[in-house]
Amino acid sequence: MGIRPIHRWQVRPCTAMRIQARLARLVCIRPMTCQIQFVGGLDCSFDQGLGLAFGAAVVVDANDLRPVDYAISASRIHFPYVPGLLSFREAPAMLKAFKGLKTVPDLILVDGQGIAHPRRLGIASHIGILLDRPTIGCAKGLLIGSPSLIGQQKGDHGPIVDLDTGQVIGAGVRTRAHVRPLYVSPGHLCDLQDAIHWTIRCAGLYRIPEPLRLAHQVAGKAKRSYSGIGVRQVLPSLQI
DNA sequence: GCGACAG
DNA sequence: ATCTTGTCGC
């Protein structure tokens, strides 16, 4: 008799929502205790034409924010983009890239929401549960919640409140002076203070924190190089 | 019913 | 996410 899989990615939206509701109960929000030496960044890019997702995992040294390791992955897309179900589309590629790292990060920044999510299980929380590691969700846009007005200087921040419950689910953070804020929320095994602190601490000269900025670049290059290979394989068959 | 809606 | 070079401004 077959065993029941703990988790599946190729499911219908309604099943994905049930999986999220179940995993959300495992999310642990509490202050981080361990020392952080390496911070990871997870992102991915897509080639709709090829139906492929390219994941990127980058690790930087927490002290100088310089990269010490990275890995990429390519995998078939098995889920459409549906607001609220992002992890079922992007997490597989990110997790596959993460497996390729030789330096395992102590903390992981993920491109997307943490608990600032309808079912409190954004992609950062989802990945944090599956890896059993501290994760922080750093999103460029808001999914749910109402952000408060914040100052224009780097480091300024204010709460994001879920008006339905009155709960503080995240924070708007100015990672660079005079630019749009980033929306952060704890993913797993850390709290909102940690999320705010480490997002600011990982912010270099740009709006996007260094681990994620580098992961974004790597994912983009992975896609372009892969497409390049595809072109070289196709062109010969066209040239008689 | 209407508008919003991570990437 | 993705199509895309240079350019105007803090």
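Sequence lines set the chain letters: A, B, ... in the order given, protein chains first and strands last, and positions in each chain run from 1.
Taking atom CD of residue A:Q217 and atom P of nucleotide C:dT2, one finds them 13 Å apart after rounding to whole Å. Separating the NE2 atom of A:H78 from the P atom of C:dA1 is a distance of 22 Å, rounded to the nearest angstrom. The CZ-P distance, from A:R119 to B:dA6, rounds to 13 Å in whole Å. Rounded to whole Å, atom P of C:dT2 lies 9 Å from atom CG of A:D47. In this structure, the CG atom of A:L52 is 18 Å from the P atom of C:dA1, given to the nearest Å. The CD atom of A:E90 sits 8 Å away from the P atom of C:dA1 (whole-angstrom rounding). To the nearest angstrom, C1' of C:dT2 lies 12 Å from CZ of A:R224. In this structure, A:H117 atom NE2 and B:dA4 atom C1' are separated by 15 Å, rounded to whole Å.
Looking at heavy-atom distances under 4.0 Å, A:H126 makes no contact with the nucleic acid at all. Residue-level contact check: A:I144 touches neither bases nor backbone, having no heavy atom under 4.0 Å from any strand. If you check every strand for non-hydrogen atoms under 4.0 Å, A:G84 touches a base. Backbone-only engagement by A:G141 is indicated by non-hydrogen atom pairs under 4.0 Å involving sugar-phosphate atoms exclusively. Residue A:D111 is classed as a sugar-phosphate contact, given heavy-atom separations below 4.0 Å to backbone atoms only. No engagement by A:I77 is indicated, since no non-hydrogen atom pair under 4.0 Å with the nucleic acid exists. When heavy atoms are screened at a 4.0 angstrom cut-off, A:Q113 is found touching base atoms of the nucleic acid. Among the heavy atoms of the strands lying under 4.0 Å from A:Y81 is at least one base atom, whether or not backbone atoms are also near.
Salt bridge status for A:D43 with A:R213: absent, with no side-chain N to carboxylate O gap under 4.0 Å.
A cation-pi arrangement is absent between A:R133 and A:F98 under the rule of less than 6.0 angstrom and at most 45 degrees off the ring axis.
For B:dA6, neither phosphate oxygen OP1 nor OP2 lies less than 4.0 angstrom from any side-chain nitrogen or oxygen of A:K140. For the pair A:K223 and C:dA1, the criterion of a side-chain N or O lying under 4.0 Å from OP1 or OP2 is not met. In terms of phosphate contacts, A:Y183 brings no side-chain nitrogen or oxygen within less than 4.0 Å of OP1 or OP2 of B:dA6.
Using a 30° and 60° split on the angle between ring planes, A:W9 and A:F88 fall in the perpendicular class, above 60°.
Positionally, the nearest nucleotide of DNA chain C for A:C44 lies more toward the 5' end than for the other of A:C44 and A:R176.
Other residues, nucleotides and ligands place no more than 12 heavy atoms under 6.0 Å from the CG atom of A:L149.
A ring-centre distance under 6.0 Å is not found for A:H117 and A:H126.
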